[in-house]
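We name chains A, B, ... by the order of the sequence lines, and we start the count at 1 in each one. Here the structure is a predicted model, which means the values were calculated and not measured. These numbers come from the heavy atoms of this one structure, side chains and all, not from hydrogens, waters or symmetry mates.
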There are 2 protein chains.
Amino acid sequence: MRGVGRKRLPESVDGRPTVHTVAARAGVSIASASRVLNGVGGSPETIRKVRAAAAEVGYVPNAIARSLQSQRTGLVALAVEDIGNPVYVEMMRAIESVVAASGRQLLVHATGGQIANETALLRRLAHRYVDGMIISPIRVTDNHLAALVDSPVPVVVIGQLAADAPVDNVRTDSRTGVGLAVDHLVAAGRRRIGFVNGPLDTVPGAARDAGFRAALAGHGIALDERLVEVGDFRYAAGRAATERLLARAEPDALVCANDLIAVGALHALLAAGRRVPEDVAVVGMDDTELARMMFPQLSSVSLGSAERGRRAAELLLQRIADPALPPRREQVAPSLAVRASSAATPFVPAPAEPAPAPRTPEVTA
Amino acid sequence: MRGVGRKRLPESVDGRPTVHTVAARAGVSIASASRVLNGVGGSPETIRKVRAAAAEVGYVPNAIARSLQSQRTGLVALAVEDIGNPVYVEMMRAIESVVAASGRQLLVHATGGQIANETALLRRLAHRYVDGMIISPIRVTDNHLAALVDSPVPVVVIGQLAADAPVDNVRTDSRTGVGLAVDHLVAAGRRRIGFVNGPLDTVPGAARDAGFRAALAGHGIALDERLVEVGDFRYAAGRAATERLLARAEPDALVCANDLIAVGALHALLAAGRRVPEDVAVVGMDDTELARMMFPQLSSVSLGSAERGRRAAELLLQRIADPALPPRREQVAPSLAVRASSAATPFVPAPAEPAPAPRTPEVTA
DNA sequence: CTGTCTGCTGTAAACGTTTCCGGGAGTCTC
DNA sequence: GAGACTCCCGGAAACGTTTACAGCAGACAG
């Protein structure tokens, strides 16, 4: 049977069929096979043969090879610090819907807030595994920034960035956001307002600290440093920080740097026998689903996370389409949602809110 | 100046330097350049020249091309239904730590529970963008299963699967898990035990429904169908379902198919003026951080999500290392954590639990 | 001085696609 | 009946890496 140069069917190194396998089996060239498989061109007869051959051998295209050729993967990445933080979940949902509408897929990566991690991610993912990425860093060093600036793939940053950084950027004004909370509490007659913050060496931590001090000053209230406490941005730290604070001071209100911290604070307060909001009012930040899930429901400053996510995704898609675009910067205004945890009236279980609350600013100052 | 065949520096189509660019600039062959860049071989002089050239042009390797050659990407994907569900966050954290330890990176994808979505993901990602994937489907059709079975990359499934499915699989026994909750409630004297479940056409929904019925029967308690209600697995649906249930029946306890539903139930109960646990005891499922964040803290059946994630990741890594392994199946036992929401004594704010609670089964039946 | 060995180097062939290009066959128009 | 036009096909060149192989120079032993 061995006769006229009978070549074995070419197949991938791991035994999987390639386009060569299909072409050989269908008795056409790989060019024709590829065309048929991509649904572009081919005579009816060719189409039939190639389709049949592909089905018989169970052909599935190698996405990597395709990407190498086409220079795109159809994947977009989102890098955030902590997926456990509901604010990122909301952001992610918004981004996902935009990205999916463009026919791409979203991949999420949790960095744990470590710079090294984020830079490594850039080094790996950005080097062509994805068509673009959205990144929401909480710490930004010069190194980091440099890596962002000359990333090989388009990058959009959600969060504060040096004013002249040539990177697409969607930000909010959390300084002002903290101000909204303070204004609200002062208007409700609170004067010993405490603050439970995240790390000061993070961008949001620093901004919120500054906002808190500025807001108090704006009302002519002297800041009692014993009313300020710092942890990280998670629940346990928020609870611990609040316990430390309560051990040395008597606040009549607490502003918390995010909702997870606020939940921790709420628990610390209740466990210490304080009533919320009668003894101590609590205002969180980010206005996540969690705020509505607490009892009492938490007042919270919305930083428009879904909106920021949506806009960032749009910026990214535009930049992917046209990398020559000048860097753009967008801003989303904060607003305050007042709920039971800081309401003047004693707490009564509220009726169900329209749960995933679309973007209807509730009280905007 | 134009003289002896002076070729322009070869570079990527989008103007970025390639290994050719570096090689030309360093005056060596691409083979030598590649070797130096990979840190294997090269004379001191060559190394110096190549390093210099690479730095000058800002060379960064194209990961796709490298993967095409090496047949691996160093990426592992996790596909879950809903990242907003904290149970998946815990799973993800466990997986991430195993995966990262192997020098790979984890990407997360939310499928929204739609089969089409998951299949599409398999079609895209699995076709070589990742070295393997862990998938936790809540619905499984034959089609779906077929796609899993002959996935081109290793797949590990977290969740129930047909017994003979030749796919690596880590499961728990949520039927038994529901039983633990019912046993506990019955032992506490509750008799009109309700059940708020997720969709019955999902694998976990069906299993939990069966478990609930079996457990009641085991105690000789007749099931009142008015005490059973169904929504989806999220907060809002849990709350709405509980409201419907309360409108027509008077449970003295509620078993909820996961913690998000339990939170919804808790709110519906409190808003309807019921006291928890005095009037109605509540037990959730998954034992997520959320359960400890509620007031009163929620009793919850742990299904070992972190443990399942960890094991799944290990299975996956083993399979990537040796694809010829026979399909394996592992099981994680459920356990019950009793907290205030179902405690016999009236609710008192508990001291802080060791927050991320490592795997210490608290009450195991 | 010859032969073997060692260490670098460059050429070229992969990896699995897509796509440009030229050629051939068929149809239509004048 | 010849030219223009359309359609389909196959060969071959990309895309940017890694790597097998062979050649070549120098070091060393006999």
Side-chain angles (χ1 to χ4, degrees), chain A residues 7-50 53-54 57-74 124 127-129 131 152-153, chain B residues 9-50 53-54 57-74 124 127-129 131 152-153:
Chain A
K7 298 196 285 195
R8 78 180 175 86
L9 277 193
E11 53 181 26
S12 160
V13 64
D14 58 356
R16 300 198 68 88
T18 75
V19 72
H20 290 91
T21 325
V22 173
R25 181 154 191 140
V28 302
S29 72
I30 61 164
S32 294
S34 171
R35 277 188 289 255
V36 169
L37 293 170
N38 287 7
V40 33
S43 72
E45 174 61 3
T46 308
I47 292 180
R48 193 191 55 72
K49 285 190 297 187
V50 172
V57 299
Y59 171 74
V60 3
N62 180 320
I64 298 247
R66 190 200 299 259
S67 294
L68 178 58
Q69 166 69 28
S70 66
Q71 304 283 9
R72 23 168 292 129
T73 64
R124 290 185 70 162
H127 295 350
R128 307 309 203 165
Y129 277 134
D131 291 343
V153 310
Chain B
L9 277 194
E11 53 181 27
S12 161
V13 64
D14 58 357
R16 300 197 69 86
T18 75
V19 71
H20 290 91
T21 325
V22 174
R25 181 154 192 142
V28 301
S29 73
I30 60 164
S32 294
S34 172
R35 278 187 287 254
V36 169
L37 293 170
N38 287 9
V40 33
S43 72
E45 174 62 3
T46 307
I47 293 180
R48 193 192 56 71
K49 285 190 298 186
V50 171
V57 300
Y59 171 75
V60 5
N62 180 321
I64 298 246
R66 187 199 302 257
S67 293
L68 178 58
Q69 167 69 29
S70 66
Q71 303 283 10
R72 24 167 292 126
T73 64
R124 289 185 71 163
H127 296 349
R128 309 306 204 173
Y129 277 135
D131 291 342
V153 310

Please give, in whole Å, the distance from [N] [atom2] to [X] [atom1]?
X       : N      : atom1 : atom2 : value
B/Glu45 : C/dT9  : CD    : C1'   : 14 Å
A/Ile64 : D/dC15 : CD1   : P     : 18 Å
A/Leu37 : C/dG16 : CG    : P     : 15 Å
A/Asn62 : D/dC15 : CG    : C1'   : 13 Å
A/Tyr59 : C/dT17 : OH    : C1'   : 7 Å
B/Leu68 : D/dC15 : CG    : C1'   : 9 Å
A/Arg48 : D/dC8  : CZ    : P     : 16 Å
B/Gln69 : D/dT17 : CD    : C1'   : 6 Å

Checklist outcome for this item: By side-chain hydrogen bond (donor to acceptor under 3.5 Å, both in side chains), A/Ser43 pairs with (sequence neighbours left out) A/Thr46
Checklist entry - Does A/Asp131 have any side-chain hydrogen bond (donor to acceptor under 3.5 Å, both in side chains) partners at least two apart in sequence or in another chain, and if so, which? => result A/Thr73
Restricting to non-hydrogen atoms, name the atom on [X] and the atom on [Y] that form the minimum distance, rounded to 0.1 Å.
X       : Y       : value
A/Gly42 : A/Ile47 : O-CD1, 3.5 Å
A/Gly58 : A/Pro17 : O-CG, 3.7 Å
B/Tyr59 : B/Thr18 : CE1-C, 3.4 Å

Checklist outcome for this item: Taking five pairs at each terminus, the helix from C/dC1-D/dG30 to C/dC30-D/dG1 shows an axis bend, to 10°, of 50°
Checklist outcome for this item: The salt bridge (Lys or Arg N to Asp or Glu O under 4.0 Å) partners of B/Arg48 (sequence neighbours excluded) come to B/Glu45
Checklist entry - Has B/Ser43 got a side-chain N or O lying under 4.0 Å from the OP1 or OP2 atom of C/dT9? => result yes
Checklist entry - Under 4.0 Å between a side-chain N/O of B/Asn38 and OP1 or OP2 of D/dT18, yes or no? => result yes
Per-pair distances, 0.1 Å, donor-acceptor, side chain in residues 27-38 of chain A, under 3.5 Å, sequence neighbours excluded:
from, atom 1, to, atom 2, distance (Å)
A/Ser29, OG, A/Ala31, N, 3.4
A/Ser29, OG, A/Ser32, N, 3.2
A/Ser29, OG, A/Ser32, OG, 3.4

Checklist entry - C/dT17, C/dC8, C/dC15: which one has an atom nearest the side-chain heavy atoms of A/His20? => result C/dT17
Item to check | Minimum-distance nucleotide to A/Gln71 side chain [options: D/dT18, C/dT17, D/dC15] | outcome: D/dC15
Next on the checklist: Mind checking if B/Gly42 touches a base, just sugar-phosphate, or nothing, with heavy atoms under 4.0 Å?
Outcome noted: sugar-phosphate
Checklist entry - Once you round to the nearest 0.5 Å, how far does CD of A/Gln71 lie from CG of B/Asn62? => result 6.5 Å
Checklist outcome for this item: Per the under-4.0 Å heavy-atom filter, residues of residues 28-35 of chain B near DNA chain D come out as B/Ile30, B/Ala31, B/Ser34, B/Arg35
